[in-house]
Amino acid sequence: MKNAAPNSFYSHQYFRRTADISATANQYAAKLQLCFQRGPPVYALAPAVHAHMIASGFIPRGHILNRLIDFYCKSSNFNYAKRLFDEIPQPDVVARTTLIAAYSASGKPKMAREIFDKTPLRIRDTVCYNSMITCYSHNNDGHAAIRLFNEMRQKGFRPDNFTYTSVLGALALVADHERHCQQLHCAVVKSGAASITSVVNALISLYVKCALSPFSSSSSLMASARELFDEMLEKDELSWTTIITGYVKNEDLDAAREVFDGMDEKLVVAWNAMISGYVQKGMVFAVFEMFRKMHSLGIKHDDFTYTNVLSACADAELFLHGKQVHAYILRTEAKPARDFMISVNNALITLYWKCGKIDQARSIFDSICTKDLISWNAILSAYVSAGRIHEARSIFDQMSEKNMLSWTVMISGLAQHGLGEEALKFFNKMKSSGLEPCDYAFSGAITSCAVLAALEQGRQLHAQLIRLGFDSSLSAGNALITMYSRCGVLDAARNVFLTMPCLDSVSWNAMIAAFGQHGHGAEALEHFEYMLEEQILPDRITFLTVLSACSHAGLVEEGQNYFNSMEKVYGITPGEDHYARLIDLLCRAGKLMEAKNVTQTMPFQPGAPIWEALLAGCRLHGDMDLGVYAAEQLFEMIPQHDGTYILLANMFASAGRWGEVAMVRKFMRDRGVKKEPGCSWLEVENKVHVFLVDDTVHPEVQAVYSYLKELVLKLRKLGYVPDTKYVLHDMESEQKEHALSTHSEKLAVVYGLLKLPRGATIRIFKNLRICGDCHNAIKFMSKAEAREIIVRDGKRFHHFKDGECSCGNYW
DNA sequence: CTAGGGTTAG
């Protein structure tokens, strides 16, 4: 808050003391002038001054009325200002310019233009043109601003300092090349404006903006900017901060710091610029150092300083530091000032939720008197990030104004919590509400397609993305890698990965996970090594994907080595999820005792994921005793989870111990645990077809059953023998074979064979893990029908071709 | 009445 007024200004005392029923026009003018000098908060006093005028029967006209209108505009009482304006029979150019500026500030260039066009040419002046040019520039329409500048000169108006400064700002919006800078630089010199400080400042900021463009060399343009700065005859506050922020934006903090250190009187703005540079680079301790130095030098922190420091704490999840800063603010700032610090409160909401304190974030939110859109979006993100979707929805519904971010937060939040259909509904609603989705919104929608395995829809989104020019977006690219991979098109995922202009750890993690899920362990590990070569540091997720990849491909030793290197080489302490994957890795290789040892030597008590991995390993290798032990632990921890019962029953069934199988099933019944029914689906002609186990719902299911019957006879001739140990019920063997033939994945594959054109790959998705007999049968189908069949089950992908599966029967 | 610098939401 610039020039914050003393507190007494918030009461009407100031006016009451000087109030005089016979105040003259000159006295009112003086009073308003005084308010104007005291800074922005005092604009809010317009109603008080106006009330006094009304009470004393004074009718404001001319200059005084204009100033009153200006004050109403600036204290966001715009509607009232407009009413006063409309009552003037023939408003002069000053009144009109005031309104143009107000429309400009509230992002309504069309309304501003309307006032401007209705202003007769004979009363127009340079200031009026300046306002309109600035309005275009503020609303990102550089070309319109430049057109108006040319028009103004054509009509004989002389540009002044303000004009040049504004127009340079507008030119910066459209210029992105070194050549532009040089041309404009020449034009400024020719116009004779090159000695005006504000014009040179604008020129410097033009060089800075062009330096940020990917088409030009940052260092040479910044060198030119610096030359302009060094040669300036009269530098003002803005000259210093423009060059400092220029360096900060171009990520040259050392150069910024050098200029900063050379300032005699360092302004708050300059401090804030430096701090924001350190925040963006994640240099938290440099941020704190600057914050403390300001304090010890007696330079007052303002709301920009606070928001910067708080966001540094939020990014680094330094909860205690953030809390201390919060306490410091409450101690230091006078109470009335707090209402003006909405940005600080918004930053506090973010601090608290990023540190996992959702309810504290909520109480900050509730304490804000006049919440803005950022407050609402911040609390929305808080609930979404915590998976509290219900509360998030209720916040979303309460919002009177929503912008792109509000929608995007909802879309990506729903997608990340597996609510793909809902997310896509929001994406479509957003479009129909007239908002153009940004690349983040797209990445949420694409993630939903990954969740739903909706390949066609995902492809369409990809096409739209390219049309809108978002194809170089990092977040959209990362989402596409995952989407194509999870829809079974590994090649497309790799193509996206290869054509992305830059990659971050998320991109690498997504690609490594894709190779891993498709059983390409070697490529996954190869990409991990490439990632290191590219100097991208692996994170917790990287190791989860690497360990999974090793597990899926049976690379036990490699996996163990990577696990051991986590802490030693990369300083990442393995969490429970990492241990669960290590155990999974060991179990699959039959090293059950080693896996059990890990559970005993781990630095924490084993939880459900650990026992689940162990139980799955015991089922695979028939270790009944250890399996039962693991299951008992799981019954204690998550008694309602159906997976435990199924794994245990499967384990007994494959050993032919039907008594125990029946017992497990009785347990399930007694405890009211329901098995999630098997369900498979595939896309045919852009429509999703779902098959349940023993399906009777799909309209064409009879044709599927009869073709399946035919097919099984054919497969038997090739050597297929139904493996009835995968049927959990104890029944006659013929019945068992029938039960096998109703599995949803078989139905879906057969539907694909019937409906998809010859040679087209069949892509099936299943909610649970694929059953052993189906796995075997589909191998035979791929040979008999000469088809590539890809099945994504609950854990991974199986590529069937020529009677073989990419998983090597190892899943 | 008009210009140019620093902040917060994924």
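All figures in this text were calculated on a predicted structure; none of them were measured in a lab. Proteins get letters first, then strands, A, B, ... in listed order; numbering begins at 1 in each.
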Q. Quick one: is A:R96 getting a side-chain N or O under 4.0 Å of the B:dC1 phosphate, OP1 or OP2?
A. no
Q.
So A:T134, base contact, sugar-phosphate only, or nothing? Heavy-atom distance under 4.0 Å.
A. sugar-phosphate
(Q) Less than 4.0 angstrom from a charged side-chain N to a carboxylate O is my criterion; do A:R147 and A:D141 meet it? (A) no
Q) Can you check the A:L173 CG to B:dA3 P distance for me, whole Å? A) 15 Å
Q | Nucleotide nearest A:D302 (side chain, heavy atoms from C-beta), chosen from B:dG6, B:dT2, B:dA9 | A | B:dG6
Q. Is the base of B:dC1 touched by the side chain of A:T97 through a donor-acceptor pair closer than 3.5 angstrom?
A. yes
Q) Base, sugar-phosphate, or nothing: which does A:C438 touch, judged by heavy atoms less than 4.0 Å apart? A) base
Q. Hey, does A:W407 reach any base, or is it just sugar-phosphate, or nothing, if we go heavy atoms under 4.0 Å?
A. nothing
Q) When you check the gap from the basic side-chain N to the acidic O, do A:E87 and A:K82 get nearer than 4.0 Å? A) no
Q.
Counting distance alone, no hydrogens or angles: does the base of B:dG4 have a donor or acceptor under 3.5 Å from a partner atom on the side chain of A:S198?
A. no
Q: Mark yes or no for whether A:H417, through its side chain, and A:G413, through its backbone, hold a donor-acceptor pair below 3.5 Å.
A: yes
Q: Name the nucleic acid region contacted by A:T408, choosing base, sugar-phosphate or nothing; use a 4.0 angstrom heavy-atom cut-off, strictly under.
A: base
Q. Which listed nucleotide (B:dG6, B:dG4, B:dC1) is nearest to the side chain of A:A273?
A. B:dG6
Q.
Heavy atoms from C-beta onward define the side chain here; which of B:dG6, B:dT2, B:dA9 lies closest to that of A:T245?
A. B:dG6
**Q.** Residue A:V409, side-chain atoms from C-beta onward, closest of B:dG10, B:dT2, B:dG5
**A.** B:dG10
Q | Minimum-distance nucleotide (side-chain atoms of A:V268 versus B:dA9, B:dG4, B:dG6) | A | B:dG6
Q.
Salt bridge or not between A:K74 and A:D70? Use side-chain N to carboxylate O under 4.0 Å.
A. yes
Q) For A:H301 and B:dT7, what is the distance between atoms NE2 and P respectively, to the nearest whole Å? A) 16 Å
Q: Starting at atom CG of A:L65, determine the distance to atom P of B:dC1, rounded to an integer number of angstrom.
A: 13 Å
Q: Give one of base, sugar-phosphate or nothing for A:H63, where a contact means two heavy atoms less than 4.0 Å apart.
A: nothing
Q: Determine the contact category for A:K249: base if any of its heavy atoms lies under 4.0 Å from a base atom, sugar-phosphate if only primed atoms, P, OP1 or OP2 are that close, otherwise nothing.
A: sugar-phosphate
Q) Base, sugar-phosphate, or nothing for A:L267, non-hydrogen atoms under 4.0 angstrom? A) base
Q.
Taking the minimum atom-to-atom distance to the side chain of A:Y440, which one of B:dG4, B:dG10, B:dG6 wins?
A. B:dG10
Q. What nucleic acid atoms does A:N403 come within less than 4.0 Å of, heavy atoms only: base, sugar-phosphate, or nothing?
A. base
Q. How long is the line joining CD1 of A:I243 and P of B:dG5, in whole Å?
A. 14 Å
Q.
Tell me the interatomic distance from A:N130, atom CG, to B:dG4, atom P, rounded to whole angstroms.
A. 11 Å
Q. Can you tell which of B:dG4, B:dT2, B:dG10 lies closest to the side chain of A:H138?
A. B:dG4
(Q) Quiz question: going by heavy-atom distance under 3.5 Å, is there a donor-acceptor pair between the base of B:dT7 and the side chain of A:S343? (A) yes
Q.
By the 4.0 Å heavy-atom rule, please label A:N201 as base, sugar-phosphate, or nothing.
A. base
Q: Could you please name the option among B:dT8, B:dG5, B:dC1 that lies closest to any side-chain atom of A:T98?
A: B:dC1
**Q.** Touch class at under 4.0 angstrom, heavy-atom based, for A:K354 against every strand present
**A.** sugar-phosphate
Q) Going by modelled atom types, is there a donor-acceptor pair between the base of B:dG6 and the side chain of A:N308 at under 3.5 Å? A) no
Q | Stacked pair A:F304-B:dT7, distance under 5.5 Å, angle under 30° | A | no
Q) Does CD in A:Q398 sit with more than 12 non-hydrogen atoms of other residues, nucleotides or ligands closer than 6.0 Å? A) yes
Q. What is the nucleic acid contact for A:D372, judged by heavy atoms within less than 4.0 Å: base, sugar-phosphate only, or nothing?
A. nothing
Q | Atom-pair distance (NZ on A:K209; C1' on B:dG4), nearest Å | A | 9 Å
**Q.** Minimum-distance pair of heavy atoms, taken over all atoms of A:A270 and A:M263
**A.** CB-SD, 3.8 Å
**Q.** Set of residues satisfying salt bridge (Lys or Arg N to Asp or Glu O under 4.0 Å) with respect to A:E422, sequence neighbours excluded
**A.** A:R393, A:K425
Q. Over how many whole Å does the gap from A:M263 atom CE to B:dG6 atom C1' extend?
A. 12 Å
Q: Answer with base, sugar-phosphate or nothing: what part of the nucleic acid does A:T307 contact at a heavy-atom distance below 4.0 Å?
A: base
Q: Would you check if the distance from the ring center of A:W376 to the ring center of A:F365 is below 6.0 Å?
A: yes
Q.
Please confirm whether the shortest side-chain N or O distance from A:S276 to OP1 or OP2 of B:dT7 is below 4.0 Å.
A. yes
Q. Nearest-Å distance, CD1 (A:I275) to P (B:dG6)?
A. 14 Å
